Amino acid sequence: MKVNIHLNKRVAVIGAGMTQFRRRILETPQEIAWEASSKALEEAGLELKDIECVVIGSAPDAFDGVNLKGEYLSHGSGGIRKPSSRVFVGGATGVMAAITGWYHVASGMCNTVLVVAEEKMSPARPHPQSVFRYIWDPILEKPLNPNLIWIFAMEMHRYMATYGIKKEEIALVSVKNKRNAANNPYAQLGGNITVDDVLNSEVLVWPVQLLDISPVSDGGAAMIMASEDVARRYSDTPIWVDGVGWTLDNTEWPARDLAYARYLEFAARMAYKMAGIENPYKELDVIEPYDPFDYKELHHIEGLRIAQRGEAPKLLKEGVFDIDGDIPSSPSGGLLGVGNPIAAAGLMKVISIYWQLKGTAGKMQVKKPVHTGLAQAWGDLMQASTVIIMRN
Amino acid sequence: MVTSLKEEELHKHVLIPYKPNAKYAYTAGQAQSRYLLGLKEGKILGRKCVKCGKIYVPPKMYCDECFRPTDTWVEVMDEGYVMTAVASFISWTREKISEPELVGVIRLLPSSPRDFVYPGIFHKLCVSYEEVKNMSVIGKRVKAVWRPKEERKASINDIQCFKVI
Ligand SMILES: [Zn+2]
């Protein structure tokens with residue numbers, strides 16, 4: 001892959017804010033966006049008048065039941081009368097919003113960007129599942145009556161079959177992330193569960209069971225990105241964005257091997273090249289890989305080339321990804337523990353890395369000193385991937 | 001700040017049910033139309049790009065790698081290997097169903113186990129839940145079970161399912 005990197009400005013993150021992630025939040029999407037944005041401005045020590053551009057991330061409109069969510073959310077996101085744009089690449093949206101904020105600044109177009117991601121999944125009746133129906137091919141797939149979980153169950157089973165991975169090994173991700181989430185004040189589903197709890201939970205689409213999967217959630221997240229000169233003026237601890245990568249694979253998921261996240265390898269290579277990372281296992285101190293399902297965290301750790309293909313479960317069992325391990329993974333609790341308001345959950349991962357590197361992650365703070373962190377998200381038909389690498 | 005709605009509170013609130021009267025007439029396009037007509041004949045058709053050699057099933061009129069038109073129609077076998085299989089106990093509206101629906105992905109032949117991309121099809125499997133659960137069906141050779149010719153409608157459902165041979 002060839003990426004030309006001609007940056008006008010170095011980009012830093014100088015503030016972030018989140019709402020709690022919960023099911024059936026009373027506030028409107030605009031109110032949620034406003035709450036997250038205000039908190040981010042407060043942490044950065046900026047006011048809305050200091051913000052030059054606004055980037056909004058929200059996955060498909062249909063979840064909230066509101067059309068053109070970029071325009072709709074621009075009110076609560078401080079985007080009125082400013083260059084405001086919305087990005088959406090399914091589940092990969094939250095990190096894509098941060099990447100978009102990054103290139104607004106890196107290009108020299110804006111010195112300050114407010115990045116806002118919001119999702120409200122709970123309004124859909126009888127269940128948000130039914131809204132996902134429209135991601136399937138209308139002619140070749142929809143007549144088979146699929147639901148969204150089918151596709152991930154297929155990927156999970158392929159991953160298990162290819163490398164001989166057992167459900168018990170995968171369930172450890174859910175156990176770890178929900179345990180980590182107990183330290184996260186924004187989390188919806190933190191707590192202590194066991195591998196047996198996962199294995200005894202309701203079977204949805206075998207091999208996916210209820211505790212293998214992240215919950216339906218509402219929530220918002222926001223982050224302030226700034227050019228180097230502004231960042232140094234407003235922050236003693238700016239966190240630098242040193243690498244970004246994003247790619248789409250094709251939509252022909254039944255025609256490519258689901259055992260390996262090729263879409264992610266492309267995005268990761270781009271980000272590593274930009275950040276000058278040659279050995280991700282050695283050079284990354286903390287990671288937030290996208291985990292809407294427990295197997296996805298392992299699958300993504302392999303796509304990120306932190307583990308060899310099929311080897312992530314072994315490293316997990318050895319404790320490498322624990323909060324006090326070599327490479328703490330999802331110390332926030334991830335989507336499995338914090339919740340999954342889609343775009344907001346992706347930006348939550350970026351914000352978690354930012355707080356880790358800043359040293360303000362509170363009870364979530366990993367034990368060892370951290371200097372390089374990575375957040376990643378994924379979406380659509382095993383297709384979209386976004387990666388961001390930050391340093392302090 | 002954020003407050004959530006509990007189940008009992010949900011009933012005290014005004015719900016606005018809305019059912020859009022939206023119907024869609026999708027176009028199958030050039031490649032898929034021919035593919036569907038092929039299914040009516042009991043054939044699985046693909047398009048081949050002679051430049052890179054890739055066979056697209058389902059077919060495409062362009063090669064997305066070479067970004068040029070694909071060159072020829074090819075018929076692939078209605079047989080292949082099960083790449084993955086799952087059993088769904090929920091409907092698409094997330095209601096519980098007692099008899100699981102069994103579906104999977106088949107790598108159609110000719111293709112090689114080393115291919116990362118291959119002619120592929122997503123369809124129902126006529127196997128038991130046990131075979132899905134214990135993963136024994138993954139890797140098995142299967143063949144399409146076609147609907148009787150007079151019942152075929154040029155639809156993906158002209159194939160009933162794939163059966164282990
Ligand atoms: Zn080609």
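Note that this is a predicted model, so its numbers are computed, not measured. Letters A, B, ... are given to chains in the order of the sequence lines, protein chains preceding strands, and every chain is numbered from 1.
- Per-residue heavy-atom pair counts under 4.5 Å with chain A were compared for Val103(B), Ile121(B), Leu36(B), and the maximum is reached by Val103(B).
- Relative orientation of the Trp136(A) and Trp150(A) rings is perpendicular, given thresholds of 30° and 60° on the angle between their planes.
- For Ser91(B), the part lying under 4.5 angstrom from a heavy atom of chain A is the backbone only.
- Listed options Ile156(B), Val82(B), Val57(B) were ranked by heavy-atom pairs under 4.5 angstrom with chain A; first place goes to Ile156(B).
- Of the listed residues Ile139(A), Ile32(A), Leu144(A), Leu140(A), the one with more heavy-atom pairs under 4.5 angstrom with chain B than any other is Leu140(A).
- Contact of Thr27(B) with chain A is made through the backbone alone, with heavy-atom distances under 4.5 Å.
- Cation-pi geometry between Arg47(B) and Tyr56(B) is not satisfied (NZ or CZ under 6.0 Å from the ring centre, within 45° of the ring normal).
- In terms of heavy-atom pairs under 4.5 Å with chain A, the best-connected choice from Pro119(B), Pro58(B), Pro100(B), Ala85(B) is Ala85(B).
- Between Tyr159(A) and His299(A), the ring planes lie perpendicular to each other; the angle is over 60°, past the 30° to 60° tilted range.
- Neither the backbone nor the side chain of Glu95(B) has a heavy atom closer than 4.5 Å to any heavy atom of chain A.
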>> Evaluate Arg22(A) against Asp218(A) for salt bridge (charged side-chain N to carboxylate O under 4.0 Å, His left out), listing each step before the verdict.
In response: CA-CA 5 Å; Arg22(A) 291 289 182 269; Asp218(A) 305 343; over 6 Å; no

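- Contacts of Asp137(A) with chain B are made by side-chain atoms alone, with heavy-atom separations under 4.5 Å and no backbone atom involved.
- Between Trp253(A) and Phe122(B), the ring planes lie tilted relative to each other; the angle falls in the 30° to 60° range.
- Side chains of Ser58(A) and Glu118(A): no donor on one and acceptor on the other come within 3.5 Å.
- A cation-pi contact links Lys167(A) to Trp206(A), judged by a cut-off of 6.0 Å to the six-membered ring centre and 45° from its axis.
- Heavy atoms of Asn250(A) lying under 4.5 Å from chain B belong exclusively to its side chain.
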